[in-house]
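Quantities reported herein were computed from a predicted structural model and do not represent experimental measurements. What's counted below: heavy atoms across the whole structure, side chains too, no hydrogens, waters or symmetry copies.
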Amino acid sequence: MAGTIQSLILTPPSIVTSPFPCRKTCCLFSRSLRINPPRRSISTLIISCKPSDEIHGSDLANGLNWTKTLMNFASNNFLPLALTSGVAFGLVNPTLGCLADKCNLSKFSTFGIFVVSGLTLRSDAIGAAVKAWPVGLFGLCSILFFTPYFSRIILLIPLQPQEFVTGLAIFSCMPTTLSSAVALTQLAGGNSALALAMTVLSNLLGILIIPFSISKFIAVGVGVYVPTAQLLKSLVLTLLVPLILGKVLRESSRGLANFVDHNRKLFSKINAVFLSLVPWMQVSRSRSLLMMVKPAAFIVAIGMGMLLHLGLLAFNALAIRSLSAISGGHKSIFSKKENAQAALLVASQKTLPVMVAVVQQLGSAFGESGLLVLPCVAAHLIQIVLDSFLANFWLQKELSSNTAKVA
């Protein structure tokens with residue numbers, strides 16, 4: 001009996017097998033070895049849980065947004081960027097520009113500018129401006145007869161090189177811009193049909209009047225004789241013929257007209273490229289002379305271009321207000337905001353392509369063509385920038401007025 005009891009005490013208990021032997025053991029082992037992890041912020045956990053391709057995708061999206069912003073800026077400011085790029089390329093590497101000038105690419109670019117202008121010229125809009133003909137008549141007189149007198153004031157400014165002063169004086173005798181004034185009038189909500197009519201007529205009549213204006217205002221001041229008949233013939237062949245050709249092509253094909261109307265931005269960019277070729281070649285050819293010009297003189301020329309445009313704006317604004325007061329006050333056709341905006345913008349701008357064509361036809365009669373054109377490129381850019389701010393101011397004012405009326 002004692003042996004039996006001893007054997008029971010010393011014998012270890014039998015282990016009962018389970019169908020899942022590891023489950024309880026693993027559970028107990030995991031509980032016994034569990035360590036509290038350090039606390040981490042929720043944002044850290046979220047970031048750590050994000051897949052790497054999602055993070056890179058976010059960076060890619062930000063890069064695409066920046067690219068889209070830059071592309072929109074380049075598209076909205078294509079003309080200023082094209083002109084400044086042409087000048088910059090001519091200054092950095094003039095070899096290619098000089099070669100293009102020897103191949104008479106400037107004549108091709110001028111021809112292309114006015115062919116495109118004829119293609120984009122709508123004739124149906126001209127009839128809508130008939131009711132505002134007194135405003136249009138004032139605009140034509142201001143562009144072709146009144147504002148050229150500013151050249152007399154410009155020629156009084158002592159500045160070296162003299163071509164800077166002469167170039168701006170020639171610029172003040174030019175008709176209005178071919179596209180920017182109309183585009184800015186549309187942006188501001190002005191009478192775009194009236195703006196278009198003044199643009200077309202001033203450029204057509206300008207071909208006839210410009211030679212006489214240069215002879216009267218510029219040639220006398222610098223002691224140079226201008227062959228008026230020869231210049232008139234050259235302008236007709238260089239400007240009027242391609243303009244009529246483009247217009248005929250537009251009217252002869254309805255499909256072409258619709259394509260041009262639906263792609264006006266594209267054609268405006270093509271025109272800007274053609275226009276930028278001219279200062280590129282002119283600056284390339286005159287780079288050696290430009291390097292000799294003091295930066296202070298060029299800054300003064302830019303300031304003169306800005307003052308010229310501000311003076312034109314002030315003169316035309318005062319004239320429109322005076323004509324409005326004389327012809328019936330707030331009931332006058334001059335007092336209508338749409339007509340006044342169109343007349344002010346169109347009559348205060350001067351065109352660079354026609355000025356370049358005139359300088360090319362004159363040769364070296366007034367000095368080096370590159371020096372003549374360079375300050376006018378700056379003046380052209382300045383007038384577009386200033387008037388874009390003015391048009392945007394009018395637009396925002398109109399939107400605020402409409403919002404106040406609705407409220």
Asker: Can you list everything that forms a side chain to side chain donor-acceptor pair (under 3.5 Å) with Ser348? Sequence neighbours excluded, please.
Answerer: Asn316
Asker: Do Asp261 and Arg254 sit within salt-bridge range, that is, some charged N less than 4.0 Å from a carboxylate O?
Answerer: no
Asker: Can you give me the closest heavy-atom contact between Leu372 and Gly367, atom names plus distance?
Answerer: CD1-O, 4.0 Å
Asker: Do you know the tightest heavy-atom contact between Val346 and Ala195?
Answerer: CG2-CB, 3.6 Å
Asker: Side chains of Val165 and Gln162: closer than 4.5 Å at any heavy-atom pair?
Answerer: yes
Asker: Is there a side-chain contact between Leu386 and Ile382, using heavy atoms and a 4.5 Å cut-off?
Answerer: yes
Asker: Is the shortest side-chain heavy-atom distance between Phe171 and Leu308 below 4.5 Å?
Answerer: yes
Asker: If you take all heavy atoms of Ala342 and Asn191, which pair is closest and at what distance?
Answerer: CB-O, 3.4 Å
Asker: What residues, two or more places apart in sequence or in another chain, satisfy ring pair (Phe, Tyr, Trp, His ring centres under 6.0 Å) together with Phe393?
Answerer: none
Asker: Would you indicate whether the side-chain heavy atoms of Arg250 and Phe259 approach each other to under 4.5 Å?
Answerer: no
Asker: Apply salt bridge (Lys or Arg N to Asp or Glu O under 4.0 Å) to Glu338 and list each qualifying residue two or more places apart in sequence or on a separate chain.
Answerer: none
Asker: Per the salt bridge (Lys or Arg N to Asp or Glu O under 4.0 Å) rule, what does the pair list look like for residues 366-391, sequence neighbours excluded?
Answerer: Arg285-Glu368
Asker: Is there side-chain contact between Ile143 and Met174, with heavy atoms separated by less than 4.5 Å?
Answerer: no
Asker: Please report the closest heavy-atom contact between Ser284 and Cys98, naming both atoms and the distance.
Answerer: O-SG, 3.5 Å
Asker: Can you find a side-chain donor-acceptor pair between Lys350 and Thr147 that sits under 3.5 Å?
Answerer: yes
Asker: Measuring only between side-chain heavy atoms, which start at C-beta, is Phe111 closer than 4.5 Å to Phe274?
Answerer: no
Asker: Starting at CZ of Phe138, measure out to CG of Asn339 and round the result to the nearest 0.5 Å.
Answerer: 12.5 Å
Asker: Supply the atom-to-atom distance Leu323 CG to Ser332 OG, rounded to the nearest 0.5 angstrom.
Answerer: 8.0 Å
Asker: Walk me through it: do Trp394 and Leu344 pass the test side chain to side chain contact (heavy atoms under 4.5 Å, CB included)?
Answerer: CA-CA 12 Å; Trp394 286 337; Leu344 182 60; 3.8 Å; yes
Asker: Taking all atoms of both residues into account, what is the closest heavy-atom pair of Ala132 and Ile333, and its distance?
Answerer: CA-CD1, 3.4 Å
Asker: Return the set of residues passing ring pair (Phe, Tyr, Trp, His ring centres under 6.0 Å) with Phe334 (not counting sequence neighbours), or none when no residue passes.
Answerer: none
Asker: Do other residues, nucleotides or ligands put more than 12 heavy atoms under 6.0 Å from Phe267 CZ?
Answerer: yes
Asker: Mind listing the side-chain donor-acceptor pairs of residues 201-209 below 3.5 Å, one per line with the distance, residues two or more places apart or on another chain?
Answerer:
unit_1	atom_1	unit_2	atom_2	d
Ser202	OG	Met198	O	2.8
Ser202	OG	Thr199	O	3.1
Asn203	ND2	Thr176	O	3.4
Asn203	ND2	Thr199	O	2.7

Asker: For Ser252, what residues pass the side chain to side chain donor-acceptor pair (under 3.5 Å) criterion, not counting sequence neighbours?
Answerer: none
Asker: Holding to ring pair (Phe, Tyr, Trp, His ring centres under 6.0 Å), I want the full list of residues that pass it with Phe145, two or more places apart in sequence or in another chain.
Answerer: none
Asker: Tell me, which pairs form a ring-ring contact (aromatic ring centres under 6.0 Å, His included) where one or both residues lie in residues 300-325, sequence neighbours left out?
Answerer: none
Asker: I need the full list of salt bridge (Lys or Arg N to Asp or Glu O under 4.0 Å) pairs touching residues 181-199, with sequence neighbours left out, sorted by first then second residue.
Answerer: none
Asker: For the residue pair Ile210 and Pro175, establish whether any side-chain heavy-atom pair is separated by less than 4.5 Å.
Answerer: yes
Asker: Start with the C-alpha distance between Asp101 and Leu105, add both sets of side-chain angles, then the distance that settles side chain to side chain contact (heavy atoms under 4.5 Å, CB included), and finish with yes or no.
Answerer: CA-CA 6 Å; Asp101 182 69; Leu105 186 61; over 6 Å; no
Asker: Which residues pass the salt bridge (Lys or Arg N to Asp or Glu O under 4.0 Å) test with Lys337, not counting sequence neighbours?
Answerer: Glu398
Asker: Would Met304 and Ile157 count as a side chain to side chain contact (heavy atoms under 4.5 Å, CB included) here? Give the steps.
Answerer: CA-CA 9 Å; Met304 289 169 55; Ile157 301 175; 3.7 Å; yes
Asker: Tell me, with the steps shown, if Leu70 and Thr67 meet side chain to side chain contact (heavy atoms under 4.5 Å, CB included).
Answerer: CA-CA 5 Å; Leu70 291 176; Thr67 303; 5.8 Å; no
Asker: How many angstroms lie between CG in Leu318 and OG in Ser322, if you round to the nearest 0.5 Å?
Answerer: 4.5 Å
Asker: Thr177 versus His380: any side-chain heavy-atom pair under 4.5 Å?
Answerer: yes
Asker: Once rounded to the nearest 0.5 Å, what's the spacing between atom CG of Leu312 and atom CG of Leu345?
Answerer: 12.5 Å
Asker: Which atom pair, heavy atoms only, marks the closest approach of Ile302 to Ala378?
Answerer: CG1-CB, 3.9 Å
Asker: Hey, could you give me the NZ/CG distance between Lys336 and Leu194, rounded to the nearest 0.5 Å?
Answerer: 11.5 Å
Asker: With rounding to the nearest 0.5 angstrom, report the CZ to CZ distance, Phe217 to Arg152.
Answerer: 6.0 Å
Asker: Using the salt bridge (Lys or Arg N to Asp or Glu O under 4.0 Å) rule, collect all pairs that involve residues 318-327, keeping only residues at least two apart or in two chains.
Answerer: none
